[in-house]
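Working notes, beginning with the structure itself.
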Amino acid sequence: MNFIEELRWRGMLQDMIPGLEDQLAKEMTVAYIGFDPTAPSLHIGNLAAIMLLKHFQLCGHKPIALVGGATGMIGDPSGKAAEREFLSEDTLRANQIGIQKQLEKFLEFHSGANSAEVVNNYDWFKEFSFLGFLREAGKFLTVNYMMSKDSVKKRLETGISFTEFSYQLLQGYDFYHLYKNKNVRLQMGGSDQWGNITTGTEIIRRKEGHDEDSTERSAFALTTPLVTKADGTKFGKSESGNVWLDADNTSPYAFYQFWLNAADADVPRLIRVFTLYTKEQIEALEKEHAEAPHLRILQKAIAEEVTTRVHGADVCALVIEASTLLFSKDAVELIAGASDALLAQLPIHEVSGELLSECKNLTDLISVGTDNLIFPSKGEARKAIQNNAISINKVKVTDPNAALNFDRIRGKYVLVGNGKQKNYILSFK
RNA sequence: GGGGAUAUACCAGAGCGGCCAAAUGGGGCAGACUGUAAAUCUGCUGGUGAAUGCCUACGGUGGUUCGAAUCCAUCUGUCCCCA
């Protein structure tokens with residue numbers, strides 16, 4: 001199956017410049033996607049773009065991931081209502097390193113001609129003088145053209161700085177640079193990037209168009225739809241914020257739980273975008289799911305596949321075991337018999353001696369006693385207990401003043417449940 | 001440069017001297033029903049406390065008043081109109 005067909009049936013194709021299919025059929029093509037180093041880790045909002053590169057490589061083409069060391073210093077106005085604060089150069093550099101490492105998990109970097117590559121646009125922008133840039137890039141676009149971009153138009157009312165206005169020139173120049181130096185023919189991205197990407201194709205066309213056959217395009221754009229949820233809320237955020245790919249920011253357990261909790265209505269789209277299951281496999285899974293929806297076969301399939309890719313098969317297996325363990329009625333016995341490797345994946349929170357000594361009752365323990373992990377204030381903790389939301393070792397507790405004399409599993413663990421979905425294991429010295 | 005409007009909790013937005021920790025909607029959290037789903041219904045949603053209460057909060061500062069989110073002065077931010 002070719003790349004475009006693959007994207008089509010997966011619902012990952014929003015828009016592309018005509019002629020791209022011919023280009024892809026003609027030869028091994030090089031394409032890139034840019035990632036902003038605004039955080040030290042990528043999050044699942046970036047995952048759709050990564051999958052785009054993944055499919056691209058699987059179809060025999062060469063993917064390049066561009067880390068925006070330079071563009072990150074400017075700030076992309078797309079989808080932003082207001083001007084952004086700058087990140088310090090140190091932060092950006094640290095972020096770039098983190099992101100680069102993560103990308104390496106998804107793409108094949110040693111597969112011969114179509115090996116993936118990571119590039120950083122800071123490498124070619126750092127030497128660029130301001131005048132040089134104006135002559136090299138700025139001359140090829142009119143302000144009229146740049147103003148007509150959606151990302152700019154939306155900001156005309158509230159204001160946009162010259163810096164952010166220039167962003168599209170930088171991104172456009174990236175494309176041109178890679179076109180010249182890496183033989184890149186295609187830039188991909190989320191649908192919000194269409195404007196920025198076509199700026200690049202425009203620069204290439206104007207700078208290169210004359211000496212080639214001008215009717216034949218040589219630079220292409222392709223975008224993927226933004227992943228949305230059926231209830232209209234933003235995809236990719238959990239209650240505690242972004243879901244990161246980095247285990248330090250989002251534990252593998254939390255990561256797995258995120259996917260497992262996906263709504264039925266969203267699952268058919270998610271499984272197509274975020275997993276590599278084939279069309280036949282997905283249809284079979286959907287059929288199974290429809291017959292026994294309570295088993296949540298689709299959710300499990302996605303959660304397992306994605307967690308395996310991000311955190312590895314071993315960790316994923318443990319996390320699945322941890323999940324079934326915590327939600328089981330016999331959690332207490334299961335924890336008592338759990339292996340060390342399994343324990344390491346459970347959401348265990350160490351309760352410090354000092355904090356514990358300040359706790360008079362259960363309310364104190366699940367708020368201040370746990371560094372506000374479970375509840376941010378005593379008031380909320382008390383209300384949750386009164387609302388029948390809290391369980392200790394799988395038994396509901398309704399007295400906010402309950403004493404802290406619970407049975408400790410293995411002599412040190414206490415299992416705290418908040419609601420149906422959230423489980424914590426407190427560890428006492 | 002001149003004139004006008006506006007600033008309220010996570011967001012939107014009412015309140016315009018005491019009944020205001022502040023209506024209403026959204027969002028969030030929880031309970032019930034379920035499948036760790038969705039929809040629906042119910043409760044909660046500044047802190048502390050068992051509670052009367054106390055503390056902190058309606059852009060900043062200062063004032064008037066027994067009493068201010070509400071009135072006055074001033075500063076700051078934002079928006080609109082004229083030049």
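Residue numbers start from 1 in every chain, and the chains themselves are labelled A, B, ... in the order their sequence lines are given, proteins ahead of strands.
An OP1 or OP2 oxygen of B:G35 is reached within less than 4.0 angstrom by no side-chain nitrogen or oxygen of A:K300. OP1 or OP2 of B:A37 has at least one side-chain nitrogen or oxygen of A:Q421 nearer than 4.0 Å.
Between the C1' atom of B:C44 and the CD1 atom of A:I390 lies a distance of 13 Å, rounded to the nearest Å. Atom CG in A:L295 sits roughly 10 Å away from atom P in B:U36 (whole-Å rounding). Between the CG atom of A:L298 and the C1' atom of B:U36 there is a distance of 16 Å, given to the nearest Å. Following rounding to the nearest Å, A:Y424 (OH) and B:C29 (P) show an atom-to-atom distance of 11 Å. For A:L260 and B:A38, the CG to P distance is 12 Å, given to the nearest whole Å. Straight-line distance from the CD atom of A:E288 to the C1' atom of B:G35: 16 Å, rounded to whole Å. The distance between atom CZ of A:F327 and atom P of B:G35, rounded to the nearest whole Å, is 15 Å. Atoms CG (A:N372) and P (B:C29) sit 18 Å apart, rounded to a whole Å.
A:N418 comes within 4.0 angstrom of sugar-phosphate atoms only, judged by non-hydrogen atoms across all strands, and of no base. Nucleic acid contact class of A:A389 (heavy atoms, under 4.0 Å, all strands): sugar-phosphate only. Nucleic acid contact for A:A265: none, since no nucleic acid atom lies under 4.0 Å from a heavy atom of the residue. Residue A:K396 is in sugar-phosphate contact alone, with no base atom involved, counting any heavy-atom pair closer than 4.0 Å across all strands shown.
For the pair A:G419 and A:D264, both in contact range of RNA chain B, the more 5′-proximal nearest nucleotide belongs to A:G419.
Of all nucleotides present, none satisfies the Watson-Crick or G-U wobble test against B:C20 with each distance under 3.5 Å. With both pairing distances under 3.5 Å, B:A14 is matched to nothing as a Watson-Crick or G-U wobble pair. With a 3.5 Å ceiling on both atom-pair distances, the Watson-Crick or G-U wobble partner of B:C44 is B:G28. Checking B:U56 for Watson-Crick or G-U wobble geometry (two distances, each under 3.5 Å) identifies no partner in any strand. As the counterpart of B:A9, no nucleotide is assigned, since no Watson-Crick or G-U wobble pattern has both distances under 3.5 Å. Using N1 to N3 plus N6-O4 or O6-N4 for Watson-Crick, or N1-O2 and O6-N3 for G-U wobble, each under 3.5 Å, B:U70 pairs with nothing.
Atom NZ of A:K105 has more than 12 neighbouring heavy atoms from other residues, nucleotides or ligands inside a 6.0 Å radius.
A:N393 contributes a side-chain N or O that, together with a main-chain N or O of A:D407, makes up a donor-acceptor pair within less than 3.5 Å.
Residue A:L170 holds its CG atom at 9.5 Å from CZ of A:F128, rounded to the nearest 0.5 Å.
Ion pairing between a basic and an acidic side chain is recognised when a charged N comes within 4.0 Å of a carboxylate O; A:E202 and A:R205 show such pairing. For the pair A:K287 and A:E283, the salt-bridge criterion is not met [side-chain N within less than 4.0 Å of a carboxylate O].
When only modelled atom types and interatomic distance are considered, A:Q171 and A:T199 share no side-chain donor-acceptor pair under 3.5 Å. Of the N and O atoms on the side chains of A:T223 and A:Q193, not one donor lies less than 3.5 Å from an acceptor on the other residue.
A side-chain contact (heavy atoms from CB on, under 4.5 Å) with A:L222 is found for exactly one of A:Q14, A:Q187, A:M188, namely A:M188.
Here the side chain of A:Q299 is nearest to one of B:A30, B:U36, B:G35, namely B:G35. Taking every side-chain heavy atom of A:H294 into account, B:G35 is the closest of B:G35, B:A37, B:A30.
Taking the P atom of each, B:U45 and B:G1 are spaced 49 Å apart, rounded to whole Å.
Scored by the salt bridge (charged side-chain N to carboxylate O under 4.0 Å, His left out) test, A:E5 finds no partners at all (sequence neighbours excluded).
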Contact letters for nucleotides 47-53 of chain B, in which S counts primed atoms plus P, OP1 and OP2 and B counts the base, heavy atoms under 4.0 Å: SSBS---
